[in-house]
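Order of appearance sets the numbers: ligands from 1, and atoms from 1 within every ligand. Worth knowing before you read on, the calculation uses all heavy atoms, side chains too, and leaves out hydrogens, waters and symmetry mates.
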Amino acid sequence: MVQILDGKKLSKKILEKIAENVKEAAFSIKLASIYNEKNPGSKMYVGMKVRRAASVGIDSEEFKIDDTWNTDQVLRLIDKLNHDDSVSGILVQSPLGQHIDESAVFNAISPIKDVDGLAAYNQGLLFENAEEKHVVSATPAGVMALLKAYDYSFTGKNALVIGRSVLFGRPMSILLTNADMTVTLAHSKTPTDQLQQFAQTADLIVVAVGKANWFQLDHLKATATVIDVGANKLDGQTVGDVVFQKTAAQVSWITPVPGGVGPMTIATLIQHTYELAKFQHRGE
Ligand SMILES: Nc1nc2c(c(=O)[nH]1)N[C@@H](CN(C=O)c1ccc(C(=O)N[C@@H](CCC(=O)O)C(=O)O)cc1)CN2
């Protein structure tokens, strides 16, 4: 019988702890969010982040851009926020738009305000598995926190990550490598027969392809864990990348959508915002 990795329940516990810490802090905390207001998903997710931040006592300031904005304009806004001491963290909600160089934008965020861990500086430290403290992208970090909360044993096991985005798949594969797993990073160019072979020997399968109900392979290990990173809208409902019933019938652990990785993404982002604010006020 499959067991559920309950991200909603864990995220609530994380946010309760953050609220206690914020209440005791001798400094105010503000999250600045930049997003394309023409993207309904971005508008919704930033709204969720703002509300969750407010629920723990963290202020927010939203910066709406649209398709008339160019990369230099966004870079100038980030430079302003980098130098604004009232801003603790800067979130750039992806996607900003086809015409914006997101990599340049992410890399312009000050490393000590990079709440999503998407700037090359933080991604580089993740790559090195560096001792130096660094911020890891909120969604992969949230997945690790969820697995650790259920005492998942990583060492020596096989992981299959499907999807190689900078936002998720690549940092996820590195985090699992750093946790001593043997990681296969599959993507759109991985032949289907090879994907089946990787899946049936995987102990952990993380699906982040951004396609509703896409993953439905058979012959999965009965002891496997499946993490669904999908957040797709289908007929007004939020559905994952994984066909839940068919996959849950084969494995031991699975995350639901909604109620799995999504809430962990937000809780982790809020946690990063508090931790960076605390770092900025160290020694006070
Ligand atoms: N800069 C970033 N951009 C994007 C990220 C990210 O982590 N950083 N991830 C995704 C979207 N995302 C966060 O922004 C996100 C997706 C889903 C949820 C969530 O809690 N979903 C709920 C269901 C909500 C609903 O009713 O639709 C759930 O799964 O329970 C939060 C955040 C893309 N961009």
Side-chain angles (χ1 to χ4, degrees), residues 4-12 14-15 31-53 55 60 62-65 74 78 81 89-97 100 102-109 113-120 122-123 126 135-146 163 165-172 175 206-213 226-242 244 254-273:
I4 298 297
L5 293 163
D6 190 335
K8 187 173 182 180
K9 182 179 172 187
L10 180 59
S11 66
K12 191 169 179 295
I14 292 169
L15 290 169
L31 173 64
S33 297
I34 302 172
Y35 69 97
N36 189 324
E37 61 176 343
K38 301 300 181 193
N39 182 310
S42 294
K43 194 174 177 127
M44 179 178 83
Y45 295 132
V46 169
M48 291 168 71
K49 292 171 183 179
V50 168
R51 286 190 296 277
R52 298 275 164 78
S55 75
S60 290
E62 296 175 54
F63 296 87
K64 302 172 187 176
I65 74 167
V74 180
I78 287 184
L81 296 173
I90 300 170
L91 163 69
V92 173
Q93 186 68 25
S94 177
L96 280 181
I100 301 281
E102 276 197 2
S103 174
V105 168
F106 288 146
N107 292 337
I109 302 172
K113 295 193 178 185
D114 179 20
V115 291
D116 232 340
L118 293 170
N122 280 308
Q123 296 261 31
L126 169 66
V135 183
V136 174
S137 178
T139 302
V143 168
M144 292 302 282
L146 187 56
S165 65
V166 169
L167 192 66
F168 182 78
R170 290 169 200 246
M172 187 78 256
L175 274 175
V206 187
V207 188
V209 296
K211 294 175 186 170
N213 298 323
V226 174
I227 306 289
D228 186 352
V229 181
N232 311 290
K233 280 296 183 193
L234 191 64
D235 305 329
Q237 298 296 315
T238 298
V239 299
D241 291 351
V242 174
F244 184 86
I254 192 168
T255 58
V257 177
V261 173
M264 289 302 298
T265 293
I266 294 186
T268 306
L269 183 89
I270 304 295
Q271 187 162 355
H272 290 169
T273 306

Counting non-hydrogen protein atoms only, what is the nearest one to [atom]? Give residue, atom name and distance.
| atom | answer |
| --- | --- |
| atom 23 (C) of ligand 1 | P258 CB, 3.8 Å |
| atom 32 (C) of ligand 1 | Y45 CD2, 3.7 Å |
| atom 26 (O) of ligand 1 | T238 OG1, 3.6 Å |

Side-chain donor or acceptor of [X] paired with backbone N/O of [Y] under 3.5 Å:
| X | Y | value |
| --- | --- | --- |
| D235 | Q237 | no |
| N122 | V136 | no |
| T255 | I227 | no |
| N36 | G97 | no |
| Q93 | S33 | no |
| K113 | L81 | yes |
| S42 | K38 | no |
| N232 | G240 | yes |
| D241 | D228 | no |
| D114 | L118 | yes |

Which atoms from ligand 1 have a heavy atom of [X] less than 4.0 Å away?
| X | value |
| --- | --- |
| G259 | 28 (C), 29 (O), 30 (O) |
| Q93 | 1 (N), 3 (N), 4 (C), 13 (C), 14 (O), 34 (N) |
| M44 | 27 (O) |
| L167 | 2 (C), 4 (C), 5 (C), 8 (N), 34 (N) |
| I266 | 31 (C) |
| L91 | 1 (N) |
| K233 | 25 (C), 27 (O) |
| T139 | 7 (O) |

Of the non-hydrogen atoms in M172 and M144, which two are nearest, and what is the gap between them?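 Minimum heavy-atom separation between M172 and M144: CE-SD, 3.6 Å.
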Within-cut-off N or O pair, [X] and ligand 1, under 3.5 Å:
| X | result |
| --- | --- |
| V92 | yes |
| D116 | yes |
| V257 | no |
| S94 | yes |

Contact check, L269 vs ligand 1, heavy-atom distance below 4.0 Å: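 Flag not set, L269 not near ligand 1.
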I'd like to know whether ligand 1 has P263 as a neighbour, heavy-atom separation below 4.0 Å.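 In this structure, P263 qualifies as a contact of ligand 1 - some heavy atom is under 4.0 Å.
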Between V46 and ligand 1, find which residue part has any heavy-atom pair under 4.0 Å and reply side chain, backbone, both or neither.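 It is neither; nothing of V46 touches ligand 1.
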Atom 24 (C) of ligand 1: which of M264, M48, K8, K49 has the nearest heavy atom?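 It is M48 whose heavy atom sits nearest to atom 24 (C) of ligand 1.
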Does the protein put a heavy atom less than 4.0 Å from atom 19 (C) of ligand 1?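 Given the 4.0 Å limit, the answer for atom 19 (C) of ligand 1 is yes, a protein heavy atom qualifies.
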Distance, nearest 0.5 Å, that separates CZ of R51 from CE of M48: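 Reported to 0.5 Å precision, the distance equals 7.0 Å.
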